Each structure stands twice: as structure tokens, then as C-alpha cells.
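These notes are about the structure you will find just below.
Here the structure is a predicted model, which is why all the values come from computation and not from measurement. First the proteins, then the strands, lettered A, B, ... as listed; each starts at 1.
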There are 2 protein chains.
Amino acid sequence: MKDSILERVKQLFTDYLKEHGQRRTPERYAILAEIYSLDQHFDVESLFTRMLGLGHNVSRATVYNTLELLLECRLITKHQFGKNLSQYEKSFEYKQHDHLLCEDCERVVEFCDPRIQQIQSMMGDILQFNITHHALTLYGRCSLLAKGEHCTHYQEKRSLLK
Amino acid sequence: MKDSILERVKQLFTDYLKEHGQRRTPERYAILAEIYSLDQHFDVESLFTRMLGLGHNVSRATVYNTLELLLECRLITKHQFGKNLSQYEKSFEYKQHDHLLCEDCERVVEFCDPRIQQIQSMMGDILQFNITHHALTLYGRCSLLAKGEHCTHYQEKRSLLK
DNA sequence: ATACCTGCAAAAGCTTTGCACAAGG
DNA sequence: CCTTGTGCAAAGCTTTTGCAGGTAT
């Protein structure tokens, strides 16, 4: 099933590259495959490191280049969660969704609410804009925590950092 | 009336600085005053340049330091509109609001919809988070524009750049 | 008087760019 | 072949940090 999604995504990427006179290089497909093997958000550096770890001798420049192409054909989406660091996630066959961030452990939870689409189209009408997309992020902390306490994911996070 | 707001804001800043054992320096008040004279979003570099233009010999470091303090006492808010550049705006007595961005001319329109608060508190309940704030940004282009056309604000924008 | 703050400049972190070589079409 | 893509390294930009001197309290 996973493979089937990967195959379909590769096909879409191929179509896009052909249509836009871009070359189908092994690096680009390797990056696409790696992204679709992940189930979390990622940043450029972690993807780059991961590629090296897998034995692919790609450069950061190629990673950035490929991410740009994947954004253009909507196979990934890009987020800025309030920091100067771009986060990405695969987006094929994923419902449009929004994010809730724990500012303690930086865990990201996804959610969906139809009212956001309503707001989007209503505001488009009122303000005379063709709205193409939106980004809603809720910021908070896991409930039940006293001030100074950390949520259960905090320690995991700490151990991940360096 | 404007002065009255500035005075109240200065007072709040003074209170905050005293409470937190921070010094009340002329640089900090000059930056606060300049921010509250603006009616638009701004980034650090434009604020810095503006301060120099007004004859205040402040450094970038001080601007960053002061913005941090003003964020802490909620006299300004910070946004990342999908780019690696922080944007700020004054926030005293401004209703919580969200933003609509024209991707053609980069104009920012503010709007307000009560449903967002509802979503925020509902998601907080469901996902067990204490949600402190949110950021919703709608991205689009002024309506009625054909592909390739630019909206009326585009030329203004072009002339501002460089 | 003495912490803390400031200005300056260097460093850090993410992203973009330039160039010579490699490789897709 | 010829053009585009890649790897590498340098440069760009925004933001952070270190330090010597200045200033609020």
C-alpha cells in the first residue's frame, strides 16, 4: 500500500518534470522517496543528513532545488511555525489540515475543522481576494501541566537535541 | 488621542521594566515610540534604518533586545508570513486579528472572525492543550486579476523595493 | 559604585548563488 | 552534443553573541 502511494507520487513528479522541461535525475527521485518514507515534519538539514546517511551523495543545493520543485507540483507543503526555520511535510492524499504546536516539547499535532474553509471563502468574498491556501497554527502547552513542569514529550525532545 | 495611547503604552512598558528589574533606557523608549508611530507591519531592518534616519544612534542588537522585551509584555506581536523574515506590529488595544496576504503585491489585510476563537477553544479541549494564541494567515491574490496581471498595489510595491 | 545595557563587530544559522564538471535527453 | 543539474564552496541575509566601554539606579 505504501509502495503504491510512492509509485503514484513518483508518476506525478515525472509528469510534472516532463511538462516543465526538467530532468528526471536519480537525486530528485531519491529525495522524493525519502520524504515519502517519513511520517513527520522535517527541515532541510535533517533531510540532508538523512540522505547522506543512506549513502546518497547529494548536496544541500540539490535538496533545496528539489524541495522547490516538489512544492511547485504540490507534493509537499512548507510551514513556518514562528521560527526562522522552514519545515516541510509530504502532502499527497493528505487532507488539508492545520497544526497545534506544544511550545514546551515542540510536538506537532494535526487537526482539521471545516469552519476554516468557511472563513477562508467568506473572507475571500468580502475582501475581494482569490484565496489559494491558508495556514492556521495554534500554540499552547499540554494541559494539566503546572508552570515549570514539562510535558511527557519534553524529555524525548531533550534527548533528540544533540 | 495618539499621544494618549503612546503615553499609556510607555507607562505599561515602564511598569514591565521595573517589575522585571530591567533598566529604562532612552533607546528602549525611542524604539517603542517609533513602533507606535507606524501603522503597518515592519521588519527589524526597516525599523533599524528608520531609527538611524531619525538621528538615534542605536544598534541592531539593541533593536532586537528591545523587540524581545516588547514581545514579552505584549506591546507588539511577531509574525512569520511564510518567509524567513520576522514581521512585527504594535498590539496595544488592537483586537486579536488575523491576516490576509496578497502574494502579488504583498499587501497585508487584517480581519477578524469569531469562529477562530471557537475552533481554538474546541481544539484545546479535544486535544488537551492549553492554547495561548494562534496565527491564521490566508494567502491569495486580489480578485478579478487575470493570470500575469498585477493588482493595483503591485506598482507601489515595486517602487518601494530598492 | 556596580550591575546591566549599548554599540560594534564577529559569528552563527539558514538559504541562495557561482562555477566547473557530470549527465540527461 | 548541448543544455541543464549537481556538488562544492563562497556569499547573502537575518539573527545571535562576545566584549569593552557607557549609563541607569
Side-chain angles (χ1 to χ4, degrees), chain A residues 10 13-32 34 41-73 76 78-88 106 161-162, chain B residues 10 13-32 34 41-73 76 78-88 106 161-162:
Chain A
K10 279 184 185 170
F13 194 32
T14 298
D15 295 346
Y16 179 84
L17 293 174
K18 278 186 184 165
E19 263 180 50
H20 291 74
Q22 299 268 4
R23 291 185 182 162
R24 283 139 262 159
T25 68
E27 289 85 358
R28 291 176 175 175
Y29 285 102
I31 291 169
L32 175 62
E34 184 54 20
H41 297 76
F42 60 91
D43 57 38
V44 174
E45 198 58 26
S46 67
L47 177 59
F48 173 65
T49 308
R50 203 171 252 271
M51 295 306 293
L52 292 188
L54 291 170
H56 296 102
N57 186 28
V58 298
S59 66
R60 279 189 188 77
T62 299
V63 173
Y64 277 104
N65 175 344
T66 304
L67 289 174
E68 192 57 40
L69 292 170
L70 292 172
L71 279 172
E72 284 167 19
C73 60
I76 60 173
K78 177 178 179 175
H79 309 289
Q80 305 266 158
F81 293 129
K83 290 196 289 201
N84 290 317
L85 176 68
S86 298
Q87 304 255 102
Y88 299 83
E106 298 186 25
L161 296 172
K162 179 191 13 334
Chain B
K10 279 184 185 169
F13 194 33
T14 297
D15 295 346
Y16 179 85
L17 293 174
K18 278 186 185 166
E19 263 180 49
H20 292 74
Q22 298 268 5
R23 292 186 180 163
R24 285 138 261 158
T25 68
E27 290 85 359
R28 290 176 176 176
Y29 285 102
I31 291 170
L32 174 63
E34 184 54 20
H41 297 75
F42 60 91
D43 57 39
V44 174
E45 198 59 25
S46 68
L47 177 58
F48 173 65
T49 306
R50 204 171 251 270
M51 296 306 293
L52 292 187
L54 291 170
H56 295 102
N57 186 28
V58 298
S59 66
R60 278 189 190 77
T62 299
V63 172
Y64 277 103
N65 174 344
T66 304
L67 288 175
E68 192 57 42
L69 292 171
L70 291 172
L71 279 172
E72 285 168 17
C73 60
I76 61 173
K78 177 178 178 174
H79 309 289
Q80 305 267 158
F81 293 128
K83 290 196 289 199
N84 289 317
L85 175 68
S86 298
Q87 304 255 101
Y88 299 83
E106 298 185 28
L161 296 172
K162 179 190 28 342

Roughly how many Å is it from [atom1] in [X] to [atom2] in [N], rounded to a whole number?
X: A:Tyr29; N: D:dT6; atom1: OH; atom2: C1'; answer: 16 Å
X: A:His56; N: D:dG7; atom1: NE2; atom2: P; answer: 11 Å
X: A:Glu45; N: C:dT16; atom1: CD; atom2: P; answer: 14 Å
X: A:Leu17; N: D:dT6; atom1: CG; atom2: P; answer: 10 Å
X: A:Asn65; N: C:dC19; atom1: CG; atom2: P; answer: 18 Å
X: A:Leu85; N: D:dT14; atom1: CG; atom2: P; answer: 17 Å
X: A:Leu67; N: C:dT15; atom1: CG; atom2: P; answer: 9 Å
X: A:Leu47; N: C:dC14; atom1: CG; atom2: C1'; answer: 15 Å

For [N], does OP1 or OP2 lie under 4.0 Å from any side-chain N or O of [X]?
X: A:Arg28; N: D:dG5; value: yes
X: A:Ser86; N: C:dC14; value: no
X: A:Gln22; N: D:dG5; value: yes
X: B:Tyr64; N: D:dT16; value: no
X: A:Asn84; N: D:dT14; value: no
X: B:Asn57; N: C:dG7; value: no
X: B:Ser59; N: C:dA9; value: no
X: A:Thr25; N: C:dG24; value: no

Could you walk me through whether B:His20 and B:Glu72 pass the side-chain contact (heavy atoms from CB on, under 4.5 Å) test, one step at a time? CA-CA 11 Å; B:His20 292 74; B:Glu72 285 168 17; 5.7 Å; no

Check this for me: does the side-chain of A:Arg23 come within 3.5 Å of the base of D:dT4 through a donor and an acceptor?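 Flag set: donor-acceptor pair detected.
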
Can you check whether [X] reaches [Y] side chain to side chain, under 4.5 Å on heavy atoms?
X: B:Thr66; Y: B:Thr25; result: no
X: A:His79; Y: A:Ser86; result: no
X: A:Glu106; Y: A:Lys83; result: yes

Would you indicate which nucleotide in C:dT15, D:dG5, D:dG7 comes nearest to any side-chain atom of A:Val44?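 That would be C:dT15.
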
Which pairs count as side-chain hydrogen bond (donor to acceptor under 3.5 Å, both in side chains) when at least one residue sits in residues 49-58 of chain B, sequence neighbours excluded?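 Residue pairs with at least one partner in residues 49-58 of chain B: B:Glu34-B:Arg50.
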
5' priority, DNA chain D, between B:Glu27 and A:Thr66 [closest heavy atom]: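 Its nucleotide being nearer the 5' end, the pick is A:Thr66.
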
B:Gln80 or B:Pro26, whichever maps to the more 5' nucleotide of DNA chain D: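 Result of the comparison: B:Gln80.
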
Tell me what B:Asp43 touches on the nucleic acid: a base, only sugar-phosphate, or nothing, going by heavy atoms under 4.0 Å.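 Here B:Asp43 touches no strand at all.
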
If you pin B:Val58 and A:Arg60 to their nearest nucleotides in DNA chain C, which one's is more 5'?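 Nearest nucleotide further toward 5': that of B:Val58.
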
When the ring planes of A:Tyr29 and A:Phe13 are compared, do they come out parallel, tilted or perpendicular, using 30° and 60° as the limits?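 Plane angle over 60°, so perpendicular.
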
